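Down below is the structure, laid out as structure tokens.
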Amino acid sequence: MTARAAPTPCPSCDALHQRATAVGRQRAYCRRCGSPMPMTRPTHLPTWLALAVAAALAFLIANGFPIVEMHLRGEHTRATLPGALWATWDAGSAPVAVLAGLCALLFPLITIALQCFTLGSLVTGRRPAALRPALRAVTALHPWNMVDVFLLAVLVSVAKLRGEPRLILDAGLAGFMLLTVLMVLLSTFDTGALWERADARGPP
Amino acid sequence: MNLDTGREHGIVACPVCALVTRGVGATKRAACRRCGGSLQLRKTDSVGRTWAFLIAATLAYLPANLLPILHTRTLLGDRADTVFSGILALWDGGSWDLALIVFLASVVIPLAKIGCLAVLLLSIRFRWSGRCRERTDLYRLVHWIGPWSMLDIFVIVLLVALVQFASLAQVEPGTGAIAFGAMVVLTMMAAQSFDPRLMWDAASKPGSSDS
């Protein structure tokens, strides 16, 4: 039977190490190649659930409110991400709209929803059948969440339109900043610990 | 440094749930007890798949930079911008910092990613034994930087929405934008399919050439 104390191979060079438990903000690195090694981290699930719920709220603010507004001679232009995706689709470039929509909108939405679901289930002591597929989906989606890249794009666009008349930064921008920070934090979560808890509460 | 490797002992950490399993064979297909994820000593056909993605990404790089990425319609006329002409326009307009960011994200980084992965693949093929640690650092950098090339796509989407001054200007993505998006996705998949452990395997085999 394998236990958590079994030697762990480095993901970059395969050298075996003993998996260590992190104290505070410790990090572990491979002795051979220097790559970051996964560590066992004490996980307080309610804290992480709170972060996931906060991320959900940030997501709603980021996409429900305009990121920027422009006023010109009585004309209002309000830019939200869904609105911008629709405008791109309408302008005839559906593939671009789909690609951007998946990476900046749909995948982050699914990830946050699944994180709330999995953390919420485990915190309340439940182990629904959908728990395992949900955890696998979060892992699979991870490289394709690009909220932080989108935020940089917003900052670049805002800087580019700096000289334009009556440019107003709106709540959506604050929402995206918050969302970026929260999603980055959530991605550092020790998923192994989640799997362990998922294992402990139900039949194997 | 000679440390035991997971491969020697058939030890694999599940890529999905991190559970460590012993006794994984090179040919048998094993599934993780805990999550059902597939356990392999090395990524399946890593070298072949990575080359395939790289070649496809290179084929997409050319139209991405040569075809227009943005069309701007104003009362004064139409303008089709490629990545390069857009950078020049930013530069001429005084925004040299934006020009630099776009140049890095859209021209330099994708090309550098493709070039670096190609070099890393060749280092496996020719069994280089030196600078393994640096090559691993390079791989992790390439892997990390991948999503940031999507910057251009997001900027285009935002510009389409923002530059909607009624009857003053209209912006449309060009065909180059689709090729550009495809290139970013393909380079990311190339980095994901590459297995850096193969470099260490090749470096430690007897008879490898010293560099």
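All values derive from a computational prediction rather than experimental measurement.
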Of the backbone (N, CA, C, O) and the side chain (C-beta and beyond), which part of [X] lies under 4.5 Å from a heavy atom of chain B, both, or neither?
X	result
Thr88(A)	both
Leu16(A)	both
Pro95(A)	side chain
Asp148(A)	both
Pro11(A)	backbone
Ser35(A)	both

Distance alone, cut at 3.5 Å: any donor-acceptor contact between the side chains of [X] and [Y]?
X	Y	answer
Thr43(A)	Arg197(A)	yes
Arg135(B)	Ser123(B)	yes
Thr21(A)	Thr40(A)	no
Trp200(B)	Thr5(B)	no

*Do the ring planes of Trp148(B) and Trp144(B) sit parallel (below 30°), tilted (30 to 60°) or perpendicular (above 60°)?*
tilted
*Pick from Leu152(A), Leu194(A), Thr191(A): which one has the most heavy-atom pairs with chain B under 4.5 Å?*
Leu152(A)
Residue among [options] with most heavy-atom pairs under 4.5 Å to chain A:
options	result
Leu90(B), Val12(B), Asp4(B)	Asp4(B)
Glu134(B), Arg42(B), Arg140(B)	Arg140(B)
Leu98(B), Asp97(B), Thr136(B)	Leu98(B)
Leu151(B), Val102(B), Ile156(B)	Leu151(B)
Pro147(B), Ala177(B), Gly181(B)	Pro147(B)
Val171(B), Leu198(B), Val155(B), Ile153(B)	Val155(B)

*Just jot down the side chain to side chain contact (heavy atoms under 4.5 Å, CB included) partners of Leu114(A), sequence neighbours excluded, or say none.*
Ile110(A), Ala134(A), Ala137(A), Val138(A)
*Would you sort out whether Ser193(B) and Thr50(B) count as a side chain to side chain donor-acceptor pair (under 3.5 Å), showing the intermediate values?*
CA-CA 6 Å; Ser193(B) 64; Thr50(B) 307; 3.0 Å; yes
*Using 4.0 Å as the upper bound for N to carboxylate O, is an ion pair formed by Asp14(A) and Arg7(B)?*
no
*Using a 4.5 Å cut-off on heavy atoms from C-beta on, say whether the side chain of Cys13(A) contacts that of Cys132(B).*
no
